[in-house]
Amino acid sequence: MSLRLSAVVLLAVLVGTTASGCVAAGQRDGVLTLSGSDAVEPPTCTVSAPVSVETLDGTDPQACLPLGQELVFPDGYRTQVGESSGNSGSYPGAGFAYHWVTVGRWGLVAARASDDCSEVQRWGHPEALRRLDEAFAPGWACEDAEPSDHG
């Protein structure tokens, strides 16, 4: 994710946790607003183990956030999730960009987008994905896609 997107997500989570009752921003305005219980993230996982992005899918909120743990994508790419909540990351790979972001009570979301954005895969709770799509448009994982120098 772009630095702008990362900063906006972090700010929105911090504001949402301190000011319940905030009015959600308009659709696709580049601001993710979470308020009240939606802004409260799950606790940090106590067991340290690599986390497959496929395990982020599901209709139940995640029981814990794998902060500081390794995130494993289906193609074998691995990256470490940041150690603080309300965080996000974006990393170039071999022809792909890899992203992760925490989305309040719905937990961690991950995405993998090809350099030309012709292929995008996303994992996470459906409501977290919907909130990201609403705030940033469905192509949020492609926002800063550039040709990778690793491919």
Side-chain angles (χ1 to χ4, degrees), residues 1-14 16-17 24-35 37-45 49-151:
M1 278 184 219
S2 71
L3 183 56
R4 177 179 167 261
L5 177 59
S6 300
V8 168
V9 170
L10 177 58
L11 178 62
V13 170
L14 292 175
T17 58
Q27 187 172 7
R28 295 188 182 151
D29 62 1
V31 177
L32 175 63
T33 302
L34 302 174
S35 61
S37 64
D38 289 349
V40 178
E41 294 181 336
T44 301
C45 298
V51 176
S52 170
V53 294
E54 288 101 339
T55 66
L56 303 177
D57 282 339
T59 56
D60 293 328
Q62 296 162 18
C64 63
L65 286 177
L67 301 178
Q69 297 182 39
E70 191 174 51
L71 194 58
V72 182
F73 288 81
D75 61 2
Y77 184 84
R78 295 171 177 259
T79 188
Q80 186 159 346
V81 176
E83 297 203 19
S84 61
S85 64
N87 217 334
S88 64
S90 178
Y91 308 92
F96 289 88
Y98 297 84
H99 311 278
W100 59 265
V101 62
T102 58
V103 184
R105 72 183 187 115
W106 297 285
L108 190 68
V109 169
R112 173 184 180 259
S114 62
D115 290 339
D116 65 359
C117 286
S118 63
E119 182 181 342
V120 178
Q121 294 174 284
R122 306 172 334 155
W123 301 270
H125 189 280
E127 182 63 13
L129 294 169
R130 187 191 71 75
R131 297 283 182 111
L132 289 169
D133 289 350
E134 184 177 89
F136 304 108
W140 57 265
C142 292
E143 184 175 291
D144 289 334
E146 296 178 7
S148 167
D149 59 1
H150 301 294

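Values in this document were obtained by computation on a predicted structure and should not be read as measured data. Position 1 is the first residue of the sequence; numbering continues from there. Basis for what follows: all heavy atoms, side chains included, without hydrogens, waters or symmetry-related copies.
- Heavy-atom minimum distance, V53 versus P74: CG2-CD, 3.5 Å.
- Nearest heavy-atom pair, E54 versus W123, reported as atom, atom and distance to 0.1 Å: CA-CD1, 3.9 Å.
- Between Y77 and Y98, the ring planes are parallel. Angles under 30° get that label, and only those over 60° would be called perpendicular.
- Remark: H125 NE2 to D57 CG distance equals 10.5 Å, nearest 0.5 Å.
- Nearest heavy atom pair, residue P50 against residue V72, reads CB-CG2, 3.9 Å.
- Residues G104 and P42 share a closest heavy-atom pair of O-CD, 3.5 Å.
- With a 4.5 Å cut-off on side-chain heavy atoms, L129 and W140 count as touching.
- One finds the CH2 atom of W106 at 5.0 Å from the CD atom of E127 (value rounded to the nearest 0.5 Å).
- No salt bridge links R131 with E134; every basic N to acidic carboxylate O contact stays at or beyond 4.0 Å.
- Side-chain contact between R122 and H99 is absent, with no heavy atoms from C-beta onward closer than 4.5 Å.
- For the atom pair L71 CG and R78 CZ, the distance stands at 10.0 Å (nearest 0.5 Å).
- Between the side chain of T44 and the main chain of L67, no donor-acceptor pair closer than 3.5 Å is present.
- In terms of heavy atoms, C45 sits closest to Q69 at CB-NE2, 3.5 Å.
- Going from atom CD of E41 over to atom CG of L65 covers 5.0 Å, rounded to the nearest 0.5 Å.
- Nearest approach of S52 to T55, heavy atoms of both residues: O-OG1, 2.6 Å.
- When side chains are defined from C-beta on, W100 does not count as touching P66, because their heavy atoms never get closer than 4.5 Å.
- When side chains are defined from C-beta on, V109 does not count as touching L56, because their heavy atoms never get closer than 4.5 Å.
- Counting heavy atoms from C-beta outward, V40 and R105 have side chains that stay 4.5 Å or more apart.
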